[in-house]
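Read through the structure below, which is laid out as structure tokens, and then see the notes.
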Amino acid sequence: MSEWKKTLCNLCAMTCGLEMEVEDNRIINVRPDPSSPSSECYCCRKGRSAKYFVENRERILYPKKRVGDHYERISWEQAYAEIAAKANAILKAHGPRSRAIIGGGGGATGAAAATAQPFLKAIGSQYFFNPIGVEFMGIFWSCGRIFGDQFHPLEPDDKNCEVLIFWGSNSYVSHQLPNARPMIRDFSRDPDKMVIVVDPRLSETARMADMHIQVRPGSDSLFLRALIALILEKGWQNRDFLYRYCKDWARARAWFLDFDIDGALEVCGVSRAQAEKFARILTTKKWGMHQDLGLYFGRQSTLSSYLCLLLMAVCGTLLVPGGNIPPVRIITLDYSDEYDPKVWRMPVTGRFPVAGMYPEGALPDEVLGDNEDRIRMAFCNMSNPARSYPDSQKMEEALRHLELFVAMDCVETETTRLADYVLPTPSAYEVGGDFDVFAFHYPEILYFSRRGVVKAPGEAREDAMVYAELAEAMGLIPKLPQYLYDAAEEAVRTGDRITYFMKVVGWIAKGGMKYFDQAAIIIALTLGKAMGSAGHAMCWAALLISKLPSRAIMDVQPDTKGHPILARLPGLSEFCTMDAAFALVDRHPEGAVIAHSDTEHLMERHIKHKDKKFHLWCKEIDEAIKTLTPEHEAEALNLKDGCNMILSAGRHSDGGMNTSMRNPGSYRFRDPYRLAMNPEDAAEFGFTDGETVRVTTKKGSIRIPVEITWQTSRGYCLISHHFGLSYEGKAHGMHINYLTDHRDLDELTGNAKWRYTPCRVEKIQEV
Ligand SMILES: Nc1nc2c(c(=O)[nH]1)N[C@H]1C(S)=C(S)[C@@H](COP(=O)(O)OP(=O)(O)OC[C@H]3O[C@@H](n4cnc5c(=O)[nH]c(N)nc54)[C@H](O)[C@@H]3O)O[C@H]1N2
Ligand SMILES: Nc1nc2c(c(=O)[nH]1)N[C@H]1C(S)=C(S)[C@@H](COP(=O)(O)OP(=O)(O)OC[C@H]3O[C@@H](n4cnc5c(=O)[nH]c(N)nc54)[C@H](O)[C@@H]3O)O[C@H]1N2
Ligand code: SF4
Ligand SMILES: [Mo]
């Protein structure tokens, strides 16, 4: 007999509600959940095929250890004991800079990071590498400079804006906004609303747009500078906003005066007429913008991100209802000030963290360098650095070079195959609990207690528990008193988690707060064990320590009263409200709206600078913008070294999900491993559709069949990054990161420049 169970999609950060039909511990069917407050009966093709993610014939079932050229099954106890001994020896000899975490957690799978972070902090290391370090470095850094908060990039207030702008984003396919498809369709159909897309090619999203600005690949920063200069030339800027809410506008304004607007537009391939039309819309309508990888993986991603925020300021749409707003997240990431001497710079590359994350591209140089303080051991989960990060060859070399490399995953990957120890973790549909880090809804604040629907095969343990138990094995926390375990059991039996919480806090305080930073690990080991899921305990703990005001929760959920006695104690009522909000989401596997954002006082609440103003000028941008001129850019954009095309090294295409969808079953009826090329380019090269051609970059060369399509523009070709993943000994295609360079990083912060990879495309000369 089968049964339908509710759960949440883990395949992107949108957290759509899914219903899964389960029979004999197998997912046999997936459909969207009509009761989901997040997606309201919507899910995309990936969500629908989520069973392919779980159904993998290369599941990791037991802990394994590399012995010579093969792996041997070991027990969890042996794994912990050996890893702890090796890790502690390396730590003793080389200090905390020797240790890094790679991955840590995913957007939809945040519980793992909750214990991975303190696991790292406990030894004093700061090296946390996560996909944030390939995509969000520039925008997080820019938000940090302009409004003082690195973890609240802005999204369009789609319920109240008239114009929805997608800059370097193909949301119709990739989503990245809740229910993106219906949302874009509705905007595009509504005669009073508009969709504008800034993208060099006719993407699926651009095809729906009222205005498509086909900017030349790699010229966004120059275009943004020209656009702002044009607005100023016309006198269309929002003076009131700039003078009332912004600091240093007079200095930032100088960047746009005496600027050769027409020369710049020509380099960008945008006509003055279209630029003026765009500028007029920007300065007369309510608009919100979603930026994505076209910009974040672009040539000058930090500069472009910064200029986007500046454009919002000039038009008066920064942190304004109907404009660009910050969805409120349950957890926040810290601000990393790269000038603070306590914040580590990496010794070889000099790279620094943003919001606590380091750029992944720097990893190989920081592992392979011959300096004493290099990274020597890494713990990796929820990530596949051997493929996902730039330069697979170098990355593999670095991972092999580590003195200790521990990888956790639910399935065999190119990364787990390089590890010294491989630890099995359950897939998102098999966990006892988890929670989401990112939130995209606004003004509603949603929270989810993610629950699996089937049991993991073998001896899998949740990522959050593995980090906690590793910390215990390494002696990073002392033996915990029995009364904490008992209190946790009691909490599960009675539902009174607040009394348990008081005991944990009391124990930490008694020890002089030494273990304050390890609270999550202590909770995982006690409450997590009692609940049968560290992830579930983390879901609770994340809410308890959230900076979300409890007032906001009580307004929406007046019943969230929490512990009947302790809720009355001053100082504890906040925790009690949070605890009650947890109880609410725990009763609702589809998630629940637990609060509403305060839409009235956005600047007051979200600008973290003391003067509550947007700081528009900074010295790094002042320096970088100097060369952002038509002459310099025209020269820089010229193809050199035998290159004849710009390659988008990666494409977030319909059926794939980064490297997570390994089962080729999901590609059975079509083959999207193709080099997408414009018909006119193909004609010039003499290519026919389906012909196998050669693509070469400074890093490598691959053979790939051509797909001739008007979706690409002249001179710009695309290859998806979902291929070259081995499955049962075979790989379909080559992974695109064999063609990318780990040193091709944004100069200011370190995002990978994947959307701008010069390459040579040519016919294969048969010999
Ligand atoms: N189906 C599917 N959905 C996904 C994912 C997936 O793997 N598959 N992955 C998820 C993840 S992790 C992410 S980060 C998102 C990514 O989501 P997106 O960023 O929307 O994905 P991309 O396919 O990279 O689309 C980027 C767009 O930028 C354009 N572009 C390229 N170069 C330039 C340029 O120089 N300037 C401008 N203005 N535009 C440019 C490209 O033509 C492309 O249309 O997708 C998420 N959703
Ligand atoms: N060249 C190029 N490279 C790219 C991109 C590109 O466009 N071009 N896109 C980049 C982007 S935007 C991103 S976000 C990164 C993503 O890259 P990664 O961070 O490596 O993420 P994934 O490839 O999705 O999956 C990583 C691993 O996590 C495991 N995993 C996923 N979910 C679960 C789970 O619920 N439980 C357990 N135990 N394991 C799980 C999967 O099995 C997989 O092995 O890739 C980046 N790499
Ligand atoms: S948009 Fe698709 S992949 Fe993302 S959460 Fe929803 S169903 Fe899953
Ligand atoms: Mo991503």
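First listed ligand is number 1; within each ligand, the first listed atom is number 1. One-based numbering along the sequence shown. Both backbone and side-chain heavy atoms feed into the values below; hydrogens, waters and symmetry mates do not.
Nearest-heavy-atom check against atom 4 (C) of ligand 2 across Tyr738, Trp754, Tyr429, Tyr389 picks out Trp754. When Phe53, Tyr296, Phe129 are ranked by how near their heavy atoms come to atom 32 (N) of ligand 2, first place goes to Phe53. Selection from Ser174, Ala407, Ala649 by nearest heavy atom to atom 8 (N) of ligand 2 gives Ala649. Taking only non-hydrogen atoms, the option from Thr415, Asp409, Ile60 nearest to atom 42 (O) of ligand 2 is Asp409.
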(request) Check the pair Glu397, Lys394 against salt bridge (Lys or Arg N to Asp or Glu O under 4.0 Å), reporting the backbone distance first and the verdict last. (result) CA-CA 5 Å; Glu397 189 187 334; Lys394 261 285 176 258; 3.3 Å; yes
(request) Give the C-alpha distance, both sets of side-chain angles, the deciding distance and a yes or no for side chain to side chain donor-acceptor pair (under 3.5 Å) between Glu204 and Asn170. (result) CA-CA 7 Å; Glu204 289 83 345; Asn170 187 16; 2.9 Å; yes
(request) Give the C-alpha distance, both sets of side-chain angles, the deciding distance and a yes or no for side-chain contact (heavy atoms from CB on, under 4.5 Å) between Ile28 and Glu21. (result) CA-CA 6 Å; Ile28 54 170; Glu21 189 178 10; 3.8 Å; yes
(request) Please report the C-alpha distance between Thr415 and Asn384 in whole Å, then the side-chain angles of each, then the deciding distance to 0.1 Å, and finally whether the side chain to side chain donor-acceptor pair (under 3.5 Å) criterion is met. (result) CA-CA 5 Å; Thr415 296; Asn384 184 10; 2.5 Å; yes
(request) Take His722 and His735 through the test side-chain contact (heavy atoms from CB on, under 4.5 Å) and record every step on the way to the result. (result) CA-CA 7 Å; His722 304 315; His735 198 276; over 6 Å; no
(message) Show, in sequence, the C-alpha distance, side-chain angles and deciding distance for Ser533 and Glu462, and conclude whether the side-chain contact (heavy atoms from CB on, under 4.5 Å) test is met.
(response) CA-CA 7 Å; Ser533 166; Glu462 289 177 7; 3.0 Å; yes
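A heavy-atom separation below 4.0 Å is found between Cys410 and ligand 2. Judged by the shortest distance from any of its heavy atoms, Arg755 lies inside the 4.0 Å radius around the atoms of ligand 2. In this structure, Arg387 does not count as a contact residue of ligand 2, since none of its heavy atoms falls inside 4.0 Å of the ligand. Close to ligand 2: Phe297, with a non-hydrogen atom less than 4.0 angstrom away.
What sits closest to atom 6 (Fe) of ligand 3 on the protein, heavy atoms only, is Cys16 SG, 2.3 Å. What sits closest to atom 3 (S) of ligand 3 on the protein, heavy atoms only, is Lys46 NZ, 3.3 Å. At the top of the distance list for atom 27 (C) of ligand 2, counting protein heavy atoms only, stands Ser383 N, 3.5 Å. From the protein, the heavy atom lying nearest to atom 14 (S) of ligand 2 is Glu135 OE2, 3.1 Å. Closest protein heavy atom to atom 35 (O) of ligand 2: Ala428 N, 3.0 Å. Of the protein's non-hydrogen atoms, Cys12 SG, 2.3 Å is the one closest to atom 4 (Fe) of ligand 3. For atom 7 (S) of ligand 3, the nearest non-hydrogen atom of the protein is Cys44 N, 3.4 Å. In terms of protein heavy-atom proximity, atom 15 (C) of ligand 2 is closest to Asn658 ND2, 4.1 Å. For atom 38 (N) of ligand 2, the closest non-hydrogen atom on the protein side is Thr425 OG1, 2.8 Å. Distance from atom 8 (Fe) of ligand 3 to its nearest protein heavy atom, with residue and atom name: Cys9 SG, 2.3 Å. The closest protein non-hydrogen atom to atom 23 (O) of ligand 2 is Thr659 OG1, 2.5 Å. Shortest contact from atom 17 (O) of ligand 2 to any protein heavy atom: Ser388 OG, 3.0 Å. For atom 36 (N) of ligand 2, the nearest non-hydrogen atom of the protein is Pro426 O, 3.1 Å.
Between Phe136 and Tyr296, the ring planes lie perpendicular to each other; the angle is over 60°, past the 30° to 60° tilted range. Note on ring orientation: taking the six-membered ring where Trp is involved, the planes of His652 and His721 are tilted (angle from 30° to 60°). Aromatic ring pairs are classed by plane angle as parallel below 30°, tilted from 30° to 60° and perpendicular above 60°; the pair Trp754 and Phe297 is perpendicular. Tyr467 and Phe119 have tilted rings, their planes meeting at an angle from 30° to 60° on a 0 to 90° scale. Between Phe53 and Tyr429, the two ring planes are perpendicular [angle over 60°; tilted spans 30° to 60°].
The only member of Lys730, Arg417, Arg662 that meets salt bridge (charged side-chain N to carboxylate O under 4.0 Å, His left out) when paired with Glu58 is Arg417.
Cation-pi contact between Arg66 and Tyr421: absent, since separation from the ring centre below 6.0 Å together with deviation from the ring axis within 45° is not met. Cation-pi geometry between Arg329 and Phe151 is satisfied (NZ or CZ under 6.0 Å from the ring centre, within 45° of the ring normal).
Among the atoms of Asn384, some N or O lies under 3.5 angstrom from an N or O of ligand 2. Checked by distance only, ligand 2 and Arg651 stay at 3.5 Å or farther apart across all their nitrogen or oxygen atoms.
Counting the atoms of ligand 2 from 1 in the order shown, those under 4.0 Å from a heavy atom of Asn10 are 32 (N), 35 (O). Below 4.0 Å from some heavy atom of Gly47 lie the following atoms of ligand 3, by number and element: 7 (S). Shown in contact with Ile736 at under 4.0 Å from a heavy atom are these atoms of ligand 2, numbered in order with element: 1 (N). With ligand atoms numbered from 1 in the order given, ligand 2 contributes 35 (O) to contacts under 4.0 Å with heavy atoms of Thr109. In the vicinity of Asn737, heavy-atom distances shorter than 4.0 Å reach the ligand 2 atoms 1 (N), 2 (C), 3 (N). In the vicinity of His652, heavy-atom distances shorter than 4.0 Å reach the ligand 2 atoms 7 (O), 9 (N), 12 (S). Under a 4.0 Å criterion applied to the non-hydrogen atoms of Thr413, ligand 2 contributes the atoms 44 (O). Heavy-atom contacts of Ser427 reach the following atoms of ligand 2: 35 (O), 36 (N) (cutoff under 4.0 Å). Within ligand 3, the atoms closer than 4.0 Å to a non-hydrogen atom of Cys43 are 7 (S), numbered from 1 in the order shown. Using a 4.0 Å cut-off to heavy atoms of Val411, the atoms of ligand 2 that qualify are 42 (O).
The aromatic ring centres of Tyr42 and His175 sit less than 6.0 Å apart.
Looking only at side-chain heavy atoms (C-beta outward), Pro63 and Glu459 come within less than 4.5 Å of each other. Residues Val466 and Trp76 are in side-chain contact: their nearest non-hydrogen atoms beyond the backbone lie under 4.5 Å apart. Residues Arg450 and Asn10 form a side-chain contact, since some pair of their non-hydrogen atoms from C-beta on lies under 4.5 Å apart.
A side-chain donor-acceptor contact under 3.5 Å links Thr302 and Thr749.
Around atom CZ of Arg26, no more than 12 heavy atoms belonging to other residues, nucleotides or ligands sit under 6.0 Å away.
With a 4.0 Å heavy-atom cut-off, ligand 3 is reached by no atom of Leu18. Only the side chain of His721 comes within 4.0 Å of ligand 2, judged by heavy-atom distances.
For atom 2 (Fe) of ligand 3, the N/O/S atoms of His175 include none lying under 2.8 Å.
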